[in-house]
Amino acid sequence: MPQVLVRDSVLQTLKGWNYEKSKNINIASKSRASSFSVVGWLVGIFDQATVQIWHVVQNSPFTNPTYDDIEQVLSKDIGYYASALPGPHIQLLGPIYISHTTFKVGTASKDNISSVLENAQSLFNLKTFTMYSLEEESFYIKDTSSNLWVASDFSCLSESCVEREWYYFYAECKLPRVFSGTKKERHSIEPYCQRLWETFESRMQFSFLAGEFKLLSQCQDVECEQLAKSSGFSPVVQSSVVDIRVLENYIQQICVLCRCCVDSKERAIQGVTVAYEKQDNCELEPCILQVCCLLQPHDRLELLIQSLRDQLYKQFKYLFIIQEEELQLAWKIWKPTGLVFPIMGLLPYPNENGIESHERMRRKHHEAFLLDYLFPYFRFSVSLFSWKEKQQMDNKHLLDVHRSISLKKKPVSCQNEIQSMVKGSYEYFHYMQDGIQDKGWGCAYRSLQTIISWFRLQGYTDRSIPNHREIQEMLVEMGDKETSFIASKQWIGATEVCYILQHYLGVESKILFVSSGAQMDNYARQIIQHFEHECTPVMIGGGVLAYTLLGIQYNESTGKVQYLILDPHYTGEDNVRVIIQKNWCGWKDSSIFQKDSFYNLCMPLRPKNVI
């Protein structure tokens, strides 16, 4: 039998789960004569010799253990995670359960759980490899020779196990609504989905978008590593520290090509081009499927093709399982900080005003994946490639410039050195952008725009980036400035930046007053605390210049402090290489601050518990 290997963090999570609380949540399942309740799932990798448990998740966002019977719980959970996890390697390994009867270890009694599981698994062609009993604190593996579930010893898996090379592939498919949303009885879902999908799949092919156009079926014996070398893309190693914006630089888009019959008319669907179904003279949103596959260097493209087909079909079928007729749901891809891999999830479309109001469902996504509330991870505005979609409407600005230098050019580290930096993404705003001649007076406006972009890209707001005149008009509206301030070239400072953030975004800020530039290093610990707890960029105003602060590095032994500065005074082209080489974004010491000038730091406070 394969060996069970478990990450330390997973063991700590399982030990921390409260058995009594979990049992109370599942009273309904117990009252329906079910012999067990499933309260979560093991996620990881199965490779014949080992079962590696990397994560645990709770019941899916569309599962209600209080009202669903055990068959519904299993089908909704299995269907969701089979559709949400980025196969083919990372998969659902088995349930975390609570027994309502006493089972003898190693006997056929545990097959009661297995038989119920098999019914739900058959819908999604899924197998489980292990189980975990909360009350017994034991892992079980199925003995293939006896076909029984038996207790299994386990070994601890180092946290570094997740640091391996992955090649990321992504595909999106938009189907007309005729393919989804039709309410069916549960027993007829499987054949109905199968017929519809076979119609679509028979016309489906995949092509690689990078470099020369080529169908994947023409090179299915090629390994991922070979493809990467010929096409110039790289694997991701430390996936746990990669967020969604960084991932966009690595992920390879696969184009879905097909022809599909809709309303008796043959129409082409290529990539993201789709024929919409019209109903009552109202054009409906399409059914959006988005899948992500993680492959290892020696995996062949044949595996990628099969995985893409399987995941698209599972997402398609799951829409029928949940049967949310009132909501138009779309699959999107997110990469919450700390998760080793990206995940797919279902959310309703934003409302007419573009503001998402489905907080309850997003909160369930946080709960399902045991995520913190540091950021609103599950909004359309923070999903894969959403930033590029926004750029189609907005002027293009560089994203996260500091990522090109923070690891390569940071000062030599030592044992007593603390480094704390902005978390999340932002856009770089500087002099002379967007057709505005603001050299000599607009640096604080640009720093403010960079800060507002941070709140947009983290999903806290959908409001656009205000230009200089709009900022001036708001300050006049608030009574802070006279009417003559509008269309002028007058400076603003940290105080005005705080006013705008509160007025425009409802974001509160803290002002840190520094009596002189020579004293700036004395406030290093306060700045470190800001980046650790609030995560936001900081605007520094004083003397005749304003800067955007992205990070700080403090040596406790020597007292030396360095500041990661994003300089809004840059006037050149948006070229990252030039910006880094000329140190417009880079580590600097306190000599950049004038010793005889005071400084105010606008330190925006991140909204708490925003989903």
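Residue numbers count from 1 along this sequence. Since we're looking at a predicted model, the values are computed, not measured.
Taking E302 as the reference, nothing meets the salt bridge (Lys or Arg N to Asp or Glu O under 4.0 Å) condition, with sequence neighbours excluded. Qualifying salt bridge (Lys or Arg N to Asp or Glu O under 4.0 Å) partners for R606, counting only residues two or more places apart in sequence or in other chains: none. Scored by the salt bridge (Lys or Arg N to Asp or Glu O under 4.0 Å) test, D400 finds R403 as partners (sequence neighbours excluded). Remark: R363 engages E359 in a salt bridge (Lys or Arg N to Asp or Glu O under 4.0 Å) (not counting sequence neighbours). Listed by chain and residue number, I452, E470, I471, M474, Y504 satisfy the side chain to side chain contact (heavy atoms under 4.5 Å, CB included) test with P466 (two or more places apart in sequence, or in another chain).
Seen from the ring of F380, K332 does not count as a face-on cation partner, given the 6.0 Å and 45° thresholds.
A donor-acceptor pair under 3.5 Å is absent between the side-chain atoms of W54 and the main chain of V10, judged by distance alone. Judged purely by atom type and a 3.5 angstrom limit, W454 uses its side chain to pair as donor or acceptor with the backbone of K423. Under the 3.5 Å distance criterion, the side-chain polar atoms of Y168 are left unmatched by any main-chain donor or acceptor of E248. Judged by distance alone, with hydrogens and angles left aside, the side-chain atoms of Y132 form no donor-acceptor pair with the main-chain N or O of W41 at under 3.5 Å. Of the possible donor and acceptor atoms, one in the side chain of D243 sits under 3.5 Å from a partner among the backbone N and O of V246.
Considering all non-hydrogen atoms of both residues, F378 and H366 come closest at CD1-CD2, 3.6 Å.
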Take Q311 and S307 through the test side chain to side chain donor-acceptor pair (under 3.5 Å) and record every step on the way to the result. CA-CA 6 Å; Q311 286 186 261; S307 182; 3.2 Å; yes
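Side-chain contact check for R362 versus P376: every heavy-atom pair is 4.5 Å or farther apart. Inter-residue side-chain proximity for S383 and I333 is flagged as unmet; no heavy-atom pair is nearer than 4.5 Å.
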Under 3.5 Å, which donor-acceptor pairs do the side chains of residues 367-374 form with other protein atoms, sequence neighbours left out?
residue	atom	partner	partner atom	Å
D372	OD1	L374	N	3.0
D372	OD1	Y377	OH	2.9

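By the 30° and 60° cut-offs, the orientation of the rings of F385 relative to Y170 is perpendicular.
Between S386 and R245, the side chains place a donor N or O and an acceptor N or O closer than 3.5 Å (distance only, hydrogens not considered). T536 and H530 share a side-chain donor-acceptor pair at under 3.5 Å.
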